[in-house]
Amino acid sequence: MAAEVCRDITEWIEEEVSKPVEEWEERQEKRCKEKKCNWWTLCLNKLVCWFVTYLVKVVRWVVVTVGKWVTRTVCTLVS
């Protein structure tokens, strides 16, 4: 029973948290590539676009990794 719940939670983290954010990241990367450089801002518009994209990647990785780690730890303690 506990193993099934743990598996369900891990799948939920993948399906409901990780995948939608990964899809957003892909769309954002495409936008950043297509975005034109604004010379009057010294191309900072592109830099900010990429910075936000990679910041979200790091946050997603941390949240998913910590979520799975907490799930694994709790499941180990319960079982």
Validation: residues 47-55 side-chain donor-acceptor distances under 3.5 Å, sequence neighbours left out:
residue: Thr53; atom: OG1; partner: Cys49; partner atom: O; Å: 2.9

Worksheet item: Is there a donor-acceptor pair under 3.5 Å between the side chain of Asn38 and the backbone N or O of Cys43?
Response: no
Worksheet item: Between CG of Asn45 and CH2 of Trp40, what distance do you get to the nearest 0.5 Å?
Response: 8.0 Å
Discussion item. Is there a continuous path of hydrophobic side-chain contacts, each under 4.5 Å between heavy atoms, that joins Val56 to Val63?
Written reply: no
Worksheet item: Do other residues, nucleotides or ligands put more than 12 heavy atoms under 6.0 Å from the CH2 atom of Trp24?
Response: yes
Worksheet item: What residues form a side-chain contact (heavy atoms from CB on, under 4.5 Å) with Thr76, not counting sequence neighbours?
Response: none
Discussion item. Quick test of your reading: applying salt bridge (charged side-chain N to carboxylate O under 4.0 Å, His left out), list the pairs with at least one residue in residues 61-72, sequence neighbours left out, ordered by first then second residue.
Written reply: Glu14-Lys68
Worksheet item: At what distance, to the nearest 0.5 angstrom, does OG1 of Thr65 lie from CD1 of Ile13?
Response: 10.0 Å
List the atom pairs, with distances to 0.1 Å, where a side-chain N or O of residues 26-34 and a protein N or O form a donor-acceptor pair under 3.5 Å, not counting sequence neighbours.
residue: Gln28; atom: OE1; partner: Arg31; partner atom: NH1; Å: 2.8
residue: Glu29; atom: OE2; partner: Lys57; partner atom: NZ; Å: 2.9

Worksheet item: So, for Glu25 and Arg60, which heavy atoms are closest and what is the spacing to 0.1 Å?
Response: OE2-NE, 2.9 Å
Worksheet item: With Glu11, which residues qualify under salt bridge (charged side-chain N to carboxylate O under 4.0 Å, His left out), at least two apart?
Response: Arg7
Worksheet item: What residues, two or more places apart in sequence or in another chain, satisfy side-chain hydrogen bond (donor to acceptor under 3.5 Å, both in side chains) together with Glu15?
Response: Lys19
Practice prompt. Of all the heavy-atom pairs spanning Val64 and Ser18, show the shortest one and how long it is.
Written response: CG2-CB, 3.8 Å
